[in-house]
Amino acid sequence: MKRFFTKQNRALLSELVRTDFKLRYQGSALGYAWSLLRPLLLFVILYVVFVKFLKLGTGVPHFPVYLLLGIVIWNFFNEMTVQSLGSIVGRGDLIRKIRIPRWIIVLSSSISALINLLLNLVVIAIFMVVNHVDLMSTILWLPLILAEVYLLALGLSMFLAAAFVKFRDVNYIWEVILQAGFYLTPILYPLSRIPNLTFQKLIMINPMGQAIQDARYATVTHETVTAHTLFQGGWYQFIPFLIVGLVLVIGISYFRRESKYFAENI
Amino acid sequence: MDRETVIKVENVCKTFALPHEKNASIKSTVVNFYKRNKTYEKQQVLQDISFEIKQGEFFGIVGRNGSGKSTLLKLLAGIYSPDSGSIRVDGKLTPFIELGVGFNPELTGRENVFLNGALLGFNRREMGAMYDDIVAFAELERFMDQKLKNYSSGMQVRLAFSIAIRVQSDILMLDEVLAVGDEAFQQKCIDVFEKYKAQKQTIVLVTHDMEIVRRFCSGAMLIHDGEIVAIGEPREVAQKYSKFNEEKIDNELEKENTENTKKESNISLKILTASDKQKSGYVTDEEFTVEVSWPKSTPKVSNVGVGIVKQSGEFVFGANTFNEEVKLRGKNKITYSVKLSLGPGKYYLMAGLFGDKQNQTIDYLNEGPQFIIRPKEDDVNQGLSRLKYKWTV
């Protein structure tokens with residue numbers, strides 16, 4: 001670890017994240033306020049559509065917060081992978097002209113997404129207070145669950161960023177996969193809406209499904225399906241973690257192998 | 001005497017795969033997907049390169065465009081990796097392929113200084129400590145809180161340069177940094193080179209400027225078509241490079257001369273040399289011979305004129321047989337020898353055929369073959385011509 005986070009690498013990482021942040025709301029009148037205002041406004045729309053009009057969450061306690069938490073975690077996953085995917089190609093000027101560890105570029109865009117996640121969590125906290133959600137001790141698990149999502153997204157980001165250098169179709173393919181993944185993950189609908197138990201299990205093998213349900217269980221309400229309850233404690237419940245580990249290993253090793261040729265392939 | 005080797009390159013080869021065709025349409029993508037092969041061409045950029053650079057050396061790498069010198073630099077910098085062979089670098093190496101890498105037009109000058117510094121390996125505290133010096137050296141105190149996009153290109157270069165020279169590194173690598181900037185900037189560069197040389201800083205420099213090689217380098221290397229052609233004494237390497245370049249220019253001129261036989265005139269003008277081969281490069285005071293010929297059918301040619309014109313249009317010298325009572329006696333060919341007491345530059349020949357009287361023009365070749373005059377090694381004079389002279393006090 002020490003080899004990776006040398007003084008120079010830390011300085012570079014923080015400078016890249018800083019630049020990213022400065023440029024994001026460049027020229028807008030409200031500036032940084034947008035990073036809180038944007039999710040807040042989006043939440044209001046979703047709340048009105050799904051809770052007031054469609055009445056999707058009847059029977060789920062604190063459904064608005066339940067829904068928002070799912071969306072926030074998915075958006076984080078979505079934003080991080082999409083931004084990282086283009087990060088290496090986008091920073092081609094640096095890669096071709098200077099020797100910096102390539103993984104720092106992916107890491108910096110992942111940290112930008114992470115900062116956004118934290119800001120979104122602040123908004124969720126506000127909603128929790130408004131919705132009178134009881135604070136549960138299981139909330140202490142949330143950081144670990146988020147870490148799992150981060151590692152999954154990091155593995156995918158590494159893989160996608162490296163693949164995008166060679167194959168410029170990757171971003172379109174990934175866009176479609178994300179869209180499919182959004183509906184294959186119980187974000188907008190409660191898992192209990194799916195009558196077929198096998199389908200429920202298949203959905204919960206997906207690490208994103210498992211993580212989102214666990215996060216809801218830990219923070220919002222214990223009255224929700226988790227991988228643990230669904231598989232009744234069997235070893236199947238560990239499949240999502242296995243997938244995360246596998247994705248991370250494959251992503252990092254592919255990135256390492258390809259990163260030697262980034263400069264000439266960009 | 002036993003200086004430490006800081007860069008050791010052994011048998012390095014590098015090829016690039018150049019795609020033959022970009023898959024621009026869906027159809028060609030599908031077709032090429034099934035063919036799969038033949039869409040790449042291997043281009044060997046560097047072959048079997050081996051050399052060493054020692055501690056404290058000012059090492060120059062020269063070569064023409066496309067010779068592979070920039071690829072070599074990127075290999076040394078670790079930006080590319082070699083196909084085979086090994087590169088060993090002892091100590092921290094900082095490459096400057098370009099000045100101001102990562103500069104962002106949307107950020108202020110100040111923010112860009114810190115960003116660029118981080119890319120060069122300095123953290124905020126270290127950059128903060130040298131910030132004032134950097135700004136003062138770039139003479140941009142008043143502009144640091146303005147966005148970089150409002151800077152002139154000269155200001156940007158100044159800022160980038162003053163960050164770059166702050167860099168403390170075991171080995172510095174510079175790729176044609178002199179190519180940008182005005183004369184004042186180049187002078188600054190040269191001052192910095194002087195400083196580095198005095199400090200015994202290890203430098204690897206890629207350049208086209210043989211003057212710099214002669215003046216600063218303690219070792220040099222000439223690369224041509226991906227191979228080392230000469231390595232060692234900078235003076236010799238520089239000379240070889242100049243010779244290489246002259247040959248290329250001569251070849252181009254000859255090609256132009258043979259292709260450029262516009263049929264505006266029937267006169268044929270040929271530069272002859274001892275070896276009877278066409279030659280286009282001469283040194284001041286060299287003698288050359290021109291053969292003027294015309295078809296036998298041309299009526300009543302009794303006088304011939306030959307002129308030398310500078311590329312920029314000045315008529316330099318003319319001679320006509322009319323004034324010198326040279327008789328053609330029915331021949332359709334005449335040779336003209338002249339000592340080229342001319343200053344360096346590009347010239348071309350012209351010729352005319354005349355009747356008994358000088359104003360009776362029969363045929364005229366306005367722009368004949370071109371040739372180049374290069375200065376003698378000890379040439380100290382200026383101007384269009386090189387006249388014989390002497391001072392008397």
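Computed over heavy atoms, backbone and side chain alike; hydrogens, waters and symmetry mates excluded. Residue numbers begin at 1 in each chain, while the letters A, B, ... track the order of the sequences. Keep in mind that what you see is a predicted model, and the values were worked out from it rather than measured.
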Q) Which of the residues B:A17, B:G117, B:A77 is involved in the greatest number of heavy-atom pairs with chain A at under 4.5 angstrom? A) B:A77
Q) In terms of side-chain geometry, is the basic nitrogen of A:K7 or B:E126 positioned less than 4.0 Å from the acidic oxygen of its partner? A) yes
**Q.** Toward chain A, the part of B:L73 with a non-hydrogen atom under 4.5 Å
**A.** neither
Q | Ring-face cation contact, A:F164 with A:R168, 6.0 Å cut, 45° max | A | yes
Q: Answer with side chain, backbone, both or neither: which region of A:K97 has an atom nearer than 4.5 Å to a non-hydrogen atom of chain B?
A: both
**Q.** salt bridge (Lys or Arg N to Asp or Glu O under 4.0 Å) evaluation trace for B:D170 with B:K92
**A.** CA-CA 5 Å; B:D170 301 329; B:K92 188 181 182 221; over 6 Å; no
Q: Give the member of B:L120, B:T71, B:V101 that has the highest number of heavy-atom pairs under 4.5 Å with chain A.
A: B:V101
Q: Heavy-atom distances under 4.5 Å only: say whether A:L13 touches chain B with side chain, backbone, both or neither.
A: neither
Q.
Which atoms of A:L23 are under 4.5 Å from chain B, going by heavy atoms: the side chain, the backbone, both sets, or neither?
A. side chain
Q | Short side-chain donor-acceptor distance under 3.5 Å, B:T108 and B:D145 | A | no
**Q.** Contacting region of A:R91 [heavy-atom separation from chain B under 4.5 Å]
**A.** neither
Q) Relative to chain A, which of B:N123, B:L115, B:I97 shows the most heavy atom pairs under 4.5 Å? A) B:L115
Q.
Report which part of A:I100 has an atom under 4.5 Å of a heavy atom belonging to chain B: side chain, backbone, both, or neither.
A. side chain
Q. Which region of A:R10, side chain (C-beta onward) or backbone (N, CA, C, O), has a non-hydrogen atom less than 4.5 Å from a non-hydrogen atom of chain B, or is it both or neither?
A. neither
Q. Does the ring centre of B:F59 sit less than 6.0 Å away from the ring centre of B:F51?
A. yes
Q: Kindly state whether the ring of A:Y261 and the ring of B:Y80 have centres lying under 6.0 angstrom apart.
A: no
Q. Is the NZ or CZ atom of A:R102 positioned over A:F255's six-membered ring, under 6.0 angstrom from the centre and within 45° of the axis?
A. no
